Amino acid sequence: MPELPEVETTRRGIEPHVCGQRIDAVILRDTRLRWPISAEVAGLAGRQIEAVSRRGKYLLMRLDRGNLIWHLGMSGSMRILPVGAAAQSHEHVELQLANGQALKFRDPRRFGALLYSEPDPLQHRLLNRLGPEPLGEDFDTEYLHRRCRQRSAAIKNVLMNSHIVVGVGNIYASEALFRAGIRPTRAARRISRARIAGLVDAVREILATAIELGGTTLRDFTQADGNPGYFRHELQVYGNTGECRICGAPIKHVVLGQRSSYYCPECQS
DNA sequence: ATAATAACCTGAGGGC
DNA sequence: TGCCCTCAGGTTATTA
């Protein structure tokens with residue numbers, strides 16, 4: 001479920017509650033995530049959480065010794081609730097903190113992950129080859145144009161490739177391409193530099209706005225306080241089985257790289 | 001190296 | 001009500 005805006009929303013939601021807190025207890029109800037949760041995680045009681053950051057769709061917690069690397073997968077979410085609150089279904093991990101609050105990780109499909117890394121988590125094999133942050137300076141026209149230049153793959157698949165740029169998932173890829181006026185099926189190498197420039201702007205604007213609105217809630221995503229994200233109301237094409245909000249043409253639905261994709265055949269070429 | 005495909009898992013919703 | 005099917009915000013591993 002969560003793309004960059006949802007992960008950033010989660011980060012901002014939990015940070016004030018967990019930063020500087022000692023972990024009193026770790027409760028592992030189900031360790032069968034994308035990768036099994038290692039025994040080291042079970043022994044983290046007594047450590048202190050010093051910082052919560054994000055790299056792409058990964059949430060990183062720096063402890064006084066070691067680091068936690070979280071991924072929300074397709075259906076993961078985090079909540080802050082008082083210690084003792086009844087556990088929901090699929091609430092696989094709970095960190096009970098010295099302030100009486102608990103960080104709860106819920107993930108019905110278990111595509112998420114919780115990894116422990118003693119060294120710098122950015123050097124972890126899952127993170128060390130990620131592309132630039134879309135809201136950072138390294139993601140610019142020159143960069144994206146270079147990465148697209150030789151590629152015959154559809155631009156939407158390129159945008160969703162975390163080794164090219166992180167954080168852009170199925171919803172925001174469709175929305176950014178609509179905003180940029182580019183069909184998701186277009187071969188990346190067939191897009192002019194000028195239109196790539198527009199795409200870079202579109203990606204940045206869409207993601208920034210989505211963060212401001214607390215992400216997109218379609219089904220089960222919630223912010224850490226339980227509220228939904230409100231970007232859903234801003235969606236132009238994703239999940240739109242009706243007409244283009246700009247020109248009225250019927251929105252097209254195609255499958256690209258096994259993922260549903262939506263575009264306006266009039267506004268996007 | 002790049003591109004396409006299968007795989008991981010549960011739940012919701014539609015059709016019958 | 002219940003069964004069967006399809007689909008869902010992600011990513012890795014495997015194969016051409």
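Since the model is a prediction, treat every value here as computed from it, not as a measurement. Letters A, B, ... mirror the listed sequences (proteins, then strands); counts begin at 1.
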Between A:Arg29 and the options A:His90, A:His92, A:Glu94, the side-chain hydrogen bond (donor to acceptor under 3.5 Å, both in side chains) test singles out A:Glu94
Counting only Watson-Crick and G-U wobble pairs with both atom distances below 3.5 Å, the stems of 3 or more consecutive pairs that include DNA chain B are B:2-8 with C:10-16, B:10-16 with C:2-8
Does [X] pair with [Y] as a salt bridge, N-O distance under 4.0 Å?
X	Y	value
A:Asp107	A:Arg109	no
A:Lys57	A:Glu6	no
A:Glu91	A:Arg106	no
A:Glu15	A:Arg12	no

Within residues 117-129 of chain A, those residues having any heavy atom closer than 4.0 Å to DNA chain C are A:Arg125, A:Leu126
Note: contacts of residues 251-264 of chain A with DNA chain C (heavy atom, under 4.0 Å) are A:Arg259, A:Ser260
Taking atom [atom2] of [N] as reference, at what distance in whole Å does atom [atom1] of [X] sit?
X	N	atom1	atom2	value
A:Asp30	B:dC9	CG	P	11 Å
A:Glu91	B:dT10	CD	P	17 Å
A:His163	C:dA13	NE2	C1'	11 Å
A:Phe105	B:dC9	CZ	C1'	13 Å
A:Arg32	B:dA7	CZ	P	20 Å
A:Leu130	C:dT11	CG	P	9 Å
A:Trp70	C:dG10	CH2	C1'	18 Å
A:Leu115	C:dT12	CG	P	11 Å

With a sphere of 6.0 Å drawn around [atom1] of [X], does it hold more than 12 non-hydrogen atoms of other residues, nucleotides or ligands?
X	atom1	answer
A:Arg149	CZ	yes
A:Glu137	CD	no
A:Glu205	CD	yes

A:Tyr143 meets the ring-ring contact (aromatic ring centres under 6.0 Å, His included) criterion, sequence neighbours left out, with none
Considering only heavy side-chain atoms of A:Met160, the closest of B:dA3, C:dG10, C:dT12 is C:dG10
Quick note, A:Lys57 side chain, CB onward, closest among B:dA3, C:dT12, C:dG10 is C:dG10
Subject >> Pairwise P distance, B:dC9 and C:dC3 [rounded to whole Å] >> reply: 23 Å
How far, in whole Å, is B:dA12 from C:dT11 if one measures between their C1' atoms?
23 Å
Taking for A:Arg219 and for A:Val158 the nucleotide of DNA chain B with the nearest heavy atom, the one nearer the 5' end belongs to A:Val158
Q) Would you call the rings of A:Phe231 and A:Tyr172 parallel, tilted or perpendicular if under 30° counts as parallel and over 60° as perpendicular? A) tilted
Q: Could you label the plane-to-plane angle of the A:His233 and A:Tyr230 rings as parallel, tilted or perpendicular, counting under 30° as parallel and over 60° as perpendicular?
A: parallel
Cluster membership besides A:Leu127, Ile/Leu/Val/Met/Phe/Trp/Tyr side chains within less than 4.5 angstrom, sorted by chain and number, is A:Trp35, A:Tyr58, A:Leu60, A:Ile69, A:Leu115, A:Leu122, A:Leu126, A:Leu130, A:Val166
Apart from A:Val83 itself, its cluster of hydrophobic side chains linked below 4.5 Å comprises none
* Would you state whether a donor and an acceptor, one from the side chain of A:Arg34 and one from the base of C:dT11, lie under 3.5 Å apart? => yes
Distance-only donor-acceptor test (3.5 Å): side chain A:Arg110, base B:dC9
no
[X] side chain N/O closer than 4.0 Å to the phosphate oxygens (OP1, OP2) of [N]?
X	N	value
A:His71	C:dT11	yes
A:His90	B:dG11	yes
A:Ser152	B:dA3	yes

ask   = Hey, is A:Phe111 doing a stacking thing with B:dC8, by the 5.5 Å centroid and 30° angle criteria?
value = yes
What's A:Tyr58 touching, base or sugar-phosphate or nothing? Going by heavy atoms closer than 4.0 Å. sugar-phosphate
